[in-house]
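Only one structure is covered here, and it is reproduced in the block below.
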Number of protein chains: 2
Amino acid sequence: MAHPNLSTGPDRGDRSGLAGDTVRRILHIAAAIRHYQDVEIAALGLTPAAARALHELDPDRPLPGRDLAEQLGCDRSNVTALVDKLEQAGLVERRVDPADRRQKTLVVTDAGRRVRDRVHQVVSDSRLLDGLGTDELANLRELVWKVSDGGCPEQCGED
Amino acid sequence: MAHPNLSTGPDRGDRSGLAGDTVRRILHIAAAIRHYQDVEIAALGLTPAAARALHELDPDRPLPGRDLAEQLGCDRSNVTALVDKLEQAGLVERRVDPADRRQKTLVVTDAGRRVRDRVHQVVSDSRLLDGLGTDELANLRELVWKVSDGGCPEQCGED
DNA sequence: TATTGTTATACTCTATAACTATA
DNA sequence: TATAGTTATAGAGTATAACAATA
């Protein structure tokens with residue numbers, strides 16, 4: 001394991017127990033968020049993976065499938081199937097890159113832009129945080145930013 | 001949609017934008033946690049779903065598969081395959097309940113207890129929170145507890 | 001030879017429906 | 001008739017390996 005922050009029991013009071021509790025709770029929250037997001041994604045006629053692929057595409061900066069695969073952290077072969085779905089739905093177009101005919105540039109269509117905006121709304125749906133006060137929300141945001149990359153919410157860009 | 005906390009752009013400064021940022025960041029963190037946990041789960045010779053099933057079983061209180069399915073939030077048919085794996089690995093035993101011969105009680109073996117303890121360590125692995133100070137960690141923990149069920153970390157039990 | 005996209009294939013996870021044996 | 005477990009099947013997600021076209 002080679003990592004000290006591990007404990008078997010509840011162990012409340014020491015840092016390991018606190019951190020372990022927090023990690024499990026974060027996973028629990030994420031699963032809940034995913035659950036209702038997936039319902040809304042399905043209502044858009046997309047699978048979660050296809051929605052994420054569309055969301056990852058920048059309508060103003062088309063890119064080859066290889067780069068999308070890298071952004072999604074998956075194999076190129078999966079991008080083929082994902083883009084198949086998006087293209088069939090008229091949300092994305094494949095265009096052979098004249099400069100390198102091996103590559104196909106992925107272009108978000110006008111319809112794709114609209115659906116992508118809806119996807120962005122869905123993945124930003126924050127109903128689970130409604131119970132937090134304004135200061136608590138700001139506090140939570142700073143903490144999760146620090147956890148995810150040690151950056152600062154005010155200056156850094158998005159995901 | 002029927003929910004007001006939605007925004008399309010970055011919109012930093014208003015509550016919707018803050019909350020959306022936070023939600024996406026939480027999902028990002030959860031994905032990172034899952035990623036390294038899955039690696040360690042695989043090192044135990046288990047799939048993530050099988051590990052979760054084993055973790056959900058209480059070695060001191062055997063229960064029928066139906067209850068495990070409910071705890072996992074999945075269909076009974078999946079439990080069959082999951083327990084197949086766990087039983088084949090010698091971690092769990094199926095025993096026909098004499099009181100109701102339709103039911104099969106799931107009993108964690110001694111080997112199962114040991115692996116389950118390791119699984120608990122893995123799902124509590126908090127390396128991602130190492131960058132937080134002690135007070136920040138306590139702060140984060142209170143906030144995620146409030147989000148996940150409005151409860152209080154000091155009094156309530158585990159997941 | 002190396003790379004892009006594709007295809008074929010396989011495994012995991014999950015769901016539904018139908019079956020069996022009990023109750 | 002209803003329930004517990006199982007089986008068969010299907011779809012989604014992801015991975016590897018091999019292939020064609022291109023560089």
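Here is the naming used below: chain letters follow the sequence lines, and residue numbers restart at 1 for every chain.
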Upstream residue (5' side of DNA chain D) when Arg101(A) and Arg94(B) are each assigned their closest nucleotide: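 Residue closer to the 5' terminus by nearest nucleotide: Arg94(B).
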Mapping Arg102(A) and Asp67(B) to their closest nucleotides on DNA chain D, which lands nearer the 5' end?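 The answer here is Asp67(B).
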Between which nucleotides of DNA chain C, read 5' to 3', does contact with chain B run, using atoms under 4.0 Å from its heavy atoms?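 Terminal contacting nucleotides, 5' to 3': dT12(C) to dA23(C).
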So what does Thr80(B) hit on the nucleic acid, given a heavy-atom distance under 4.0 Å: a base, only sugar-phosphate, or nothing?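 If one applies the 4.0 Å heavy-atom cut-off, Thr80(B) turns out to touch a base.
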Exactly one of Gln37(B), Glu40(B), Arg118(B) should register a side chain to side chain contact (heavy atoms under 4.5 Å, CB included) with Val123(B). Which one does?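 By the side chain to side chain contact (heavy atoms under 4.5 Å, CB included) criterion, Val123(B) pairs with just one of Gln37(B), Glu40(B), Arg118(B): Gln37(B).
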Sort out for me which residue in Leu137(B), Leu129(B), Asn139(B) forms a side chain to side chain contact (heavy atoms under 4.5 Å, CB included) with Leu143(A).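 Only one of Leu137(B), Leu129(B), Asn139(B) forms a side chain to side chain contact (heavy atoms under 4.5 Å, CB included) with Leu143(A), namely Asn139(B).
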How long is the line joining CD of Glu70(B) and C1' of dT3(D), in whole Å?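 Atom CD in Glu70(B) sits about 14 Å away from atom C1' in dT3(D).
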Output the rounded distance in Å from CG (Leu68(B)) to C1' (dG5(D)).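 To the nearest whole Å, that distance equals 13 Å.
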I'd like to know whether CZ of Arg34(A) has more than 12 heavy-atom contacts from other residues, nucleotides or ligands below 6.0 angstrom.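 Count not over threshold, so no.
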Spacing of CG belonging to Leu72(B) relative to CG belonging to Leu82(B), to within rounding of 0.5 Å: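 Nearest 0.5 Å value for the CG-CG distance: 6.5 Å.
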So, OP1 or OP2 of dA21(D): does either fall under 4.0 Å of a side-chain N or O from Lys104(A)?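 Result: no.
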Salt bridge Lys85(B)-Glu87(B), side-chain N to carboxylate O under 4.0 Å: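 Glu87(B) and Lys85(B): not salt-bridged.
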Salt-bridge present (Asp97(B), Lys104(B); N to O < 4.0 Å):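 The answer is no: the pair does not qualify as a salt bridge.
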Any chance the side chains of Thr105(A) and Arg95(A) put a donor and an acceptor closer than 3.5 Å?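 Short answer, no.
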If the condition is side chain to side chain donor-acceptor pair (under 3.5 Å), which residues does Arg113(B) pass it with, not counting sequence neighbours?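 Listed in chain order: Asp60(B).
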Restricting to nitrogen or oxygen on both sides, can you table the protein-nucleotides 14-17 of chain D pairs closer than 3.5 Å?
from    : atom 1 : to       : atom 2 : distance (Å)
dA15(D) : OP2    : Asp75(A) : N      : 3.2
dA15(D) : OP2    : Asn78(A) : ND2    : 3.4
dA15(D) : N7     : Asn78(A) : OD1    : 3.2
dT16(D) : O4     : Ser77(A) : OG     : 2.8

